[in-house]
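Inspection log for the structure reproduced underneath, given as structure tokens.
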2 protein chains.
Amino acid sequence: MSDKYVEMLRSRGYRITPQREMIIEELAKTNAHMAAEEIHDSLKSRTKSLNIATIYRTLEMLVEEGLACRNDLGGGCVVYAITRHGPHIHLVCRLCGQVIEADYELLTDLGYKLKQEYGFEADLRHISLFGICSKCQREQEETRS
Amino acid sequence: MSDKYVEMLRSRGYRITPQREMIIEELAKTNAHMAAEEIHDSLKSRTKSLNIATIYRTLEMLVEEGLACRNDLGGGCVVYAITRHGPHIHLVCRLCGQVIEADYELLTDLGYKLKQEYGFEADLRHISLFGICSKCQREQEETRS
DNA sequence: TTTACTGCAAATAATTTGCAAAACT
DNA sequence: AGTTTTGCAAATTATTTGCAGTAAA
């Protein structure tokens with residue numbers, strides 16, 4: 001599943017190390033967005049020591065090659081995902097931290113209007129919006145009563 | 001011009017120090033968004049030593065009181081602005097850094113749909129969208145030719 | 001006079017970097 | 001063999017925190 005990405009890198013002259021394979025596999029096997037530290041935790045059970053610096057370097061390389069996308073969720077939280085993943089909206093819950101992926105279609109009209117009215121070419125392909133998810137809304141209401 | 005904010009804080013029980021006045025004045029005198037460090041640089045020419053920690057603490061307080069809004073521009077760049085007017089969209093140009101304020105109305109439909117389809121209560125009042133402004137688009141085209 | 005606020009310096013947290021050793025090709 | 005890449009530890013950057021002294025109210 002991650003072989004496609006590995007071959008792509010090899011053909012571009014990158015060396016394929018077990019560390020790089022593991023990182024790509026970890027990202028590719030899930031649709032989730034992962035922080036560098038999460039990838040580290042997840043993999044260090046399998047290997048004794050995969051250094052965090054190597055993870056940062058590999059992620060940076062993947063983003064440069066267009067194989068991964070980087071998402072700054074604010075508050076110092078940065079996550080990465082494999083690009084196969086088409087464009088989508090990240091709905092980040094301020095209370096529980098959950099990230100919901102919403103349909104990109106909801107933004108096409110906005111993108112069009114920003115271009116028309118302000119001449120601004122917005123990159124809306126992986127934006128993050130903050131708010132409260134439905135579960136936390138319910139919990140807030142229960143607490144209030 | 002910043003007196004309004006100062007009085008608002010005083011009435012809420014905060015003590016008004018020269019440091020706080022300067023920081024508020026600096027933010028209020030411009031429409032620009034400023035990073036903590038920028039405020040520091042801008043003010044330390046006027047005063048010998050206004051500590052950066054005080055700036056962070058004041059900014060946090062202003063945000064909590066709803067007098068300023070904090071904007072995480074990604075890549076470790078966090079800026080603050082006085083919330084002088086109602087909600088708006090920040091259009092941040094990736095090339096020249098210019099921030100255009102766009103009409104909040106453009107988001108009402110999106111907010112409604114996120115609530116309907118995902119149960120997500122998004123806070124869209126001061127979001128930042130990234131892209132290329134019209135001026136930079138033109139410059140890019142000229143360079144290409 | 002009371003206690004919030006400031007400055008300072010040390011602590012954090014997330015990421016980056018220099019460099020010698022290890023390992024792809 | 002020759003050059004990338006890794007691990008480690010130290011450096012960086014942005015922000016936060018503890019604490020004793022200062023100053024609003």
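Contact check on Arg57(A) versus Glu60(A) returns no salt bridge, with no Lys/Arg side-chain nitrogen under 4.0 Å from an Asp/Glu carboxylate oxygen. No salt bridge links Arg12(B) with Glu64(B); every basic N to acidic carboxylate O contact stays at or beyond 4.0 Å. Residues Arg138(A) and Glu141(A) are not paired through a salt bridge, judged by the lack of any N-O separation under 4.0 Å between the basic side chain and the carboxylate. Between Glu26(B) and Lys29(B), at least one side-chain nitrogen of the basic residue sits less than 4.0 Å from a carboxylate oxygen of the acidic one, meeting the salt-bridge criterion.
Arg20(B) contributes a side-chain N or O that, together with a main-chain N or O of Arg15(B), makes up a donor-acceptor pair within less than 3.5 Å. Between the side chain of Tyr118(B) and the backbone N or O of Asp103(A) there is at least one donor-acceptor pair closer than 3.5 Å. When atom types are taken as modelled, the side chain of Gln137(B) and the backbone of Ile132(B) share a donor-acceptor pair closer than 3.5 angstrom. Judged purely by atom type and a 3.5 angstrom limit, Ser134(B) has no side-chain atom pairing as donor or acceptor with the backbone of Phe120(A). Listed for the His40(B) side chain is a donor-acceptor partner under 3.5 Å among the backbone atoms of Leu50(B).
Atom-to-atom distance recorded for Leu59(B):CG and Arg70(B):CZ is 9.5 Å, nearest 0.5 angstrom.
The rotation axes computed at either terminus of the helix from dT1(C)-dA25(D) to dT25(C)-dA1(D) lie 30° apart, taking five pairs at each end and rounding to 10 degrees.
Remark: C1' of dT6(D) and CE of Met61(A) are 13 Å apart, rounded to the nearest angstrom. For Leu62(B) and dC5(C), the CG to P distance is 12 Å, given to the nearest whole Å. Following rounding to the nearest Å, Leu59(A) (CG) and dT6(D) (C1') show an atom-to-atom distance of 15 Å. Straight-line distance from the CD atom of Glu64(B) to the P atom of dT16(D): 11 Å, rounded to whole Å. Look at CD1 on Ile23(B): it is 13 Å from C1' on dG7(C), rounded to the nearest Å. For the pair Ile55(B) CD1 and dG7(C) P, the computed distance is 9 Å after rounding to whole Å. Following rounding to the nearest Å, Ile39(B) (CD1) and dT15(D) (P) show an atom-to-atom distance of 11 Å. In this structure, CG of Leu9(B) is placed 14 Å from C1' of dA4(C), rounded to the nearest angstrom.
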Detail all sub-3.5 Å separations between protein N/O atoms and N/O atoms belonging to nucleotides 19-25 of chain C.
residue: dC24(C); atom: O2; partner: Arg15(A); partner atom: NH1; Å: 2.9
residue: dT25(C); atom: OP1; partner: Arg10(A); partner atom: NH1; Å: 3.3
residue: dT25(C); atom: OP1; partner: Ile16(A); partner atom: N; Å: 2.9

Protein-nucleotides 11-16 of chain C N/O pairs closer than 3.5 Å?
residue: dT15(C); atom: OP2; partner: Tyr56(A); partner atom: OH; Å: 2.3
residue: dT15(C); atom: O5'; partner: Tyr56(A); partner atom: OH; Å: 3.2

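A close approach under 4.0 Å does occur between a side-chain nitrogen or oxygen of Asn51(B) and OP1 or OP2 of dC8(C).
Side-chain atoms of Tyr112(A) and Thr108(A), non-hydrogen and from C-beta on, never get closer than 4.5 Å to each other.
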